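These notes concern the structure reproduced below.
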Amino acid sequence: MSSTLFRTKRVEQSILDTEEPEHALKKSLSALDLTVFGVGVIIGTGIFVLTGTVAKNNAGPAVALAFVAAGVACALAALCYAEFASTVPVAGSAYTFSYASLGELPAWIIGWDLVLEFALGTAVVAVGWSGYVQSLMDNAGWEMPAALGSREGADAFGFDILAAALVLVLTFILVLGMKLSARITSLVVAIKVTVVLTVIIAGAFLIDGDNYDPFIPKTQTVDAGSNLDAPLIQLMFGWAPSNFGVMGIFTAASVVFFAFIGFDVVATAAEETKNPQRDMPRGIIGSLLICTTLYVAVSIVVTGMQHYSRLSVDAPLADAFKATGHPWFAGFISFGAAVGLTTVCMILLLGQTRVFFAMSRDGLLPRFFSRVHPRFKTPHRPTILLGVIIAVLAGFTPLTELAALVNIGTLFAFVVVAIGVIILRKTRPDLERSFRTPWVPVLPILSVLASLWLMINLPAETWVRFAIWMAVGFVVYFIYGRSHSRLGRHEETTVDEVMKPPKGDIP
């Protein structure tokens, strides 16, 4: 059984599967499209909200260093993703990479993990977008009925119609084609980046140097108790995380990591890229560098505009401008956040549908979902199915507590991809690699350690929920996936051909 659980799918076979007419996606994306996708999904609520939270509670003005630390951890993973995406230009991202290096069961688990990660991420962002839109509507004198408003913090029964509607509209756009999605994303990203640059440029003139004193506030040890809300590292080793000080920066990095989630989604579009060997590394690494630079600049500006101890937790950027006598910027920032979140939602939904599509093409999920639309050449069946499910999820469920699952799911994928790079270098040194991760195995090992460090700084309750979802995944695999695997059936057919008696008389 162990040999079947860890059977790998040859890279050549994965590429051949993309050429089947009924299961082939249209190649239409360039390096610029991929970079725009990356920037579009990375810049979201993280930059507009988390800056104030971690500055006030964990790192002070040194939150800029926390963004750098989180960016470095992501960069290590990005270099590993870039090698895989250029070597195995097939939809599915970490799922496909794992199938080629670690085997079928690990690939299933990471695919199962990504489906949850992208689904929750899409729903969480849709609810956040709904909140921003309702805030703008309130400012204009329009009030949503309570039964149709945001479910966040609501006790009464209701349905967040704005969040659900956003998901359904984006689902329709994704069905119509990748190039249309790229054009819409480019327009929205231009608006979003304009807002961020406006914050940086306008805020730079309002900086008071005294607000940076102290840049790294004095260390305060957190007494988080022994409940499941405490970070796993405290429950394992009895070590409590620090607020402020040098260790506070690393504690803050595990929180602001949420702001970087999404660059890995770029890898799911490898199969729809015109020249993936050249353009995938550019899109993945380029988008991460751009966003890290913007994050650091924003955090420096906002902590210079207002002392970290007085920063707002809910809307730090907008409230910092209010505190300096420029309330107009508050509405402008809210508008930019609302517009920008549409691309985050769409690209996360895109990533999930591509992983689901790749798993169904391999037979681990029903093959019904692996047929592309005859005209648009998009995986319309899984897109519609997942879009409807996520719309209902976003409409009915307050998702704040489940959002941490997105963090742990992403970090788990980073670990698997980094290990996969090392293994595939050993098992398939003959593969053509247009981009090679430098300093293998040292850099992938550093990527694994950085991701694990961030994972153990997450609450233990998040680990419990993650373990439950993984356990469900094992059950589904052994009930359905293992027996329907195309790779398994191919092996059985090969064995039958070998055992079949020869035709004609035996001399």
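Computed from a predicted model, the values in this text were never measured in an experiment. Numbers here simply count residues along the sequence, with the first being 1. Any value given below was found using the heavy atoms of this structure, including those in side chains, with hydrogens, waters and symmetry copies removed.
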Stepwise side-chain contact (heavy atoms from CB on, under 4.5 Å) check, Tyr295 with Ile42
CA-CA 10 Å; Tyr295 282 1; Ile42 296 173; 3.5 Å; yes
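- Applying the side-chain contact (heavy atoms from CB on, under 4.5 Å) test to Val472 and every residue at least two apart in sequence or in another chain returns Trp112, Val476.
- Note: Phe84 and Phe97 have parallel aromatic rings, judged against thresholds of 30 and 60 degrees for the angle between ring planes.
- The ring-ring contact (aromatic ring centres under 6.0 Å, His included) test applied to Phe332 returns Trp328, not counting sequence neighbours.
- Here the side chains of Leu446 and Val442 are in contact, with some heavy-atom distance below 4.5 Å.
- Not counting sequence neighbours, the partners of Val199 by the side-chain contact (heavy atoms from CB on, under 4.5 Å) test are Leu317, Phe321, Ile333.
- For the residue pair Thr268 and Ser93, the shortest heavy atom distance occurs at CG2-CB, 3.4 Å.
- Scanning all heavy atoms of the two residues, the minimum distance from Val127 to Ala394 falls at CG2-O, 3.5 Å.
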side-chain contact (heavy atoms from CB on, under 4.5 Å) for Ile445 and Ile422? Distances and angles first, verdict last.
CA-CA 9 Å; Ile445 291 174; Ile422 299 173; 4.0 Å; yes
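- Distance check: Leu348 CG to Leu114 CG gives 11.5 Å after rounding to the nearest 0.5 Å.
- Every residue meeting the ring-ring contact (aromatic ring centres under 6.0 Å, His included) condition with Tyr308, not counting sequence neighbours, appears here in chain and number order: Phe244.
- In terms of the ring-ring contact (aromatic ring centres under 6.0 Å, His included) criterion, Phe435 has no residue partners (sequence neighbours excluded).
- Residues satisfying the side-chain contact (heavy atoms from CB on, under 4.5 Å) criterion with Ala323, sequence neighbours excluded, are Gln306.
- Distance check, rounded to the nearest 0.5 Å: CG of Leu443 to SG of Cys80 gives 5.5 Å.
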Take Val196 and Ile200, measure what side-chain contact (heavy atoms from CB on, under 4.5 Å) needs, and give me the verdict at the end.
CA-CA 6 Å; Val196 174; Ile200 296 171; 4.1 Å; yes
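- Side-chain contact between Ser30 and Asp33 is present, with at least one heavy-atom pair separated by less than 4.5 Å.
- Of the options Val167, Thr342, Leu341, a side-chain contact (heavy atoms from CB on, under 4.5 Å) to Val125 is made by Leu341 and by none of the others.
- Residue Ile201 comes nearest to Phe205 through the heavy atom pair O-CD1, 3.1 Å, listed as atom of the first residue, atom of the second, then distance.
- The line from CD1 of Ile468 to CH2 of Trp463 is 14.0 Å long, rounded to the nearest 0.5 Å.
- To the nearest 0.5 Å, the span separating CE on Met359 from OG1 on Thr96 amounts to 9.5 Å.
- Surrounding CZ of Phe329 are more than 12 heavy atoms belonging to other residues, nucleotides or ligands, all under 6.0 Å away.
- With contacts defined as side-chain heavy-atom distances shorter than 4.5 Å, the pair Phe474/Leu105 qualifies.
- At least one side-chain heavy atom of Gln352 sits under 4.5 Å from a side-chain heavy atom of Ile390.
- Taking the side-chain contact (heavy atoms from CB on, under 4.5 Å) definition, one finds that Arg436 meets it with Glu83, Arg425, Arg433, sequence neighbours left out.
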N/O donor-acceptor pairs under 3.5 Å from side chains in residues 116-124, not counting sequence neighbours:
unit_1: Glu117; atom_1: OE2; unit_2: Thr410; atom_2: OG1; d: 2.7
unit_1: Thr122; atom_1: OG1; unit_2: Phe118; atom_2: O; d: 2.7
unit_1: Thr122; atom_1: OG1; unit_2: Leu349; atom_2: N; d: 3.4

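- Minimum heavy-atom separation, Ala66 to Ala253: O-CB, 3.7 Å.
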If you look only at distance, which donor and acceptor atoms sit under 3.5 Å apart when one is on a side chain in residues 278-287 and the other is two or more places apart or in another chain?
unit_1: Ser287; atom_1: OG; unit_2: Gly283; atom_2: O; d: 2.8
unit_1: Ser287; atom_1: OG; unit_2: Ile284; atom_2: O; d: 3.1

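- Residues Leu350 and Met346 form no side-chain contact, since every pair of their non-hydrogen atoms from C-beta on lies 4.5 Å or further apart.
- Applying the side chain to side chain donor-acceptor pair (under 3.5 Å) criterion to Thr293, with sequence neighbours excluded, gives no partner residue.
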Evaluate the side-chain contact (heavy atoms from CB on, under 4.5 Å) criterion for residues Tyr477 and Ile109: first the C-alpha distance (whole Å), next the side-chain angles of each, then the deciding distance (0.1 Å), finally the verdict.
CA-CA 9 Å; Tyr477 172 76; Ile109 290 301; over 6 Å; no
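- Taken from CD1 in Ile249 to CZ in Phe67, the straight-line distance is 13.0 Å, to the nearest 0.5 Å.
- Using a distance-only test at 3.5 Å, with no hydrogens or angles considered, no donor-acceptor pair links the side chain of Ser130 to the main chain of Ala126.
- Judged as a side-chain hydrogen bond (donor to acceptor under 3.5 Å, both in side chains), the pairs with a partner in residues 187-215 (not counting sequence neighbours) are, in order, Lys192-Thr343.
- Closest approach of Ile423 to Ser101, counting heavy atoms only: CG2-O, 3.4 Å.
- Residue pairs satisfying the salt bridge (Lys or Arg N to Asp or Glu O under 4.0 Å) criterion with at least one member in residues 101-112, sequence neighbours excluded, are listed as follows: Arg7-Glu104.
- Atom-to-atom distance recorded for Cys74:SG and Leu79:CG is 11.5 Å, nearest 0.5 angstrom.
- Summarising the geometry of Val90 relative to Ala270, their closest heavy-atom pair is N-CB, 3.9 Å, with the distance given to 0.1 Å.
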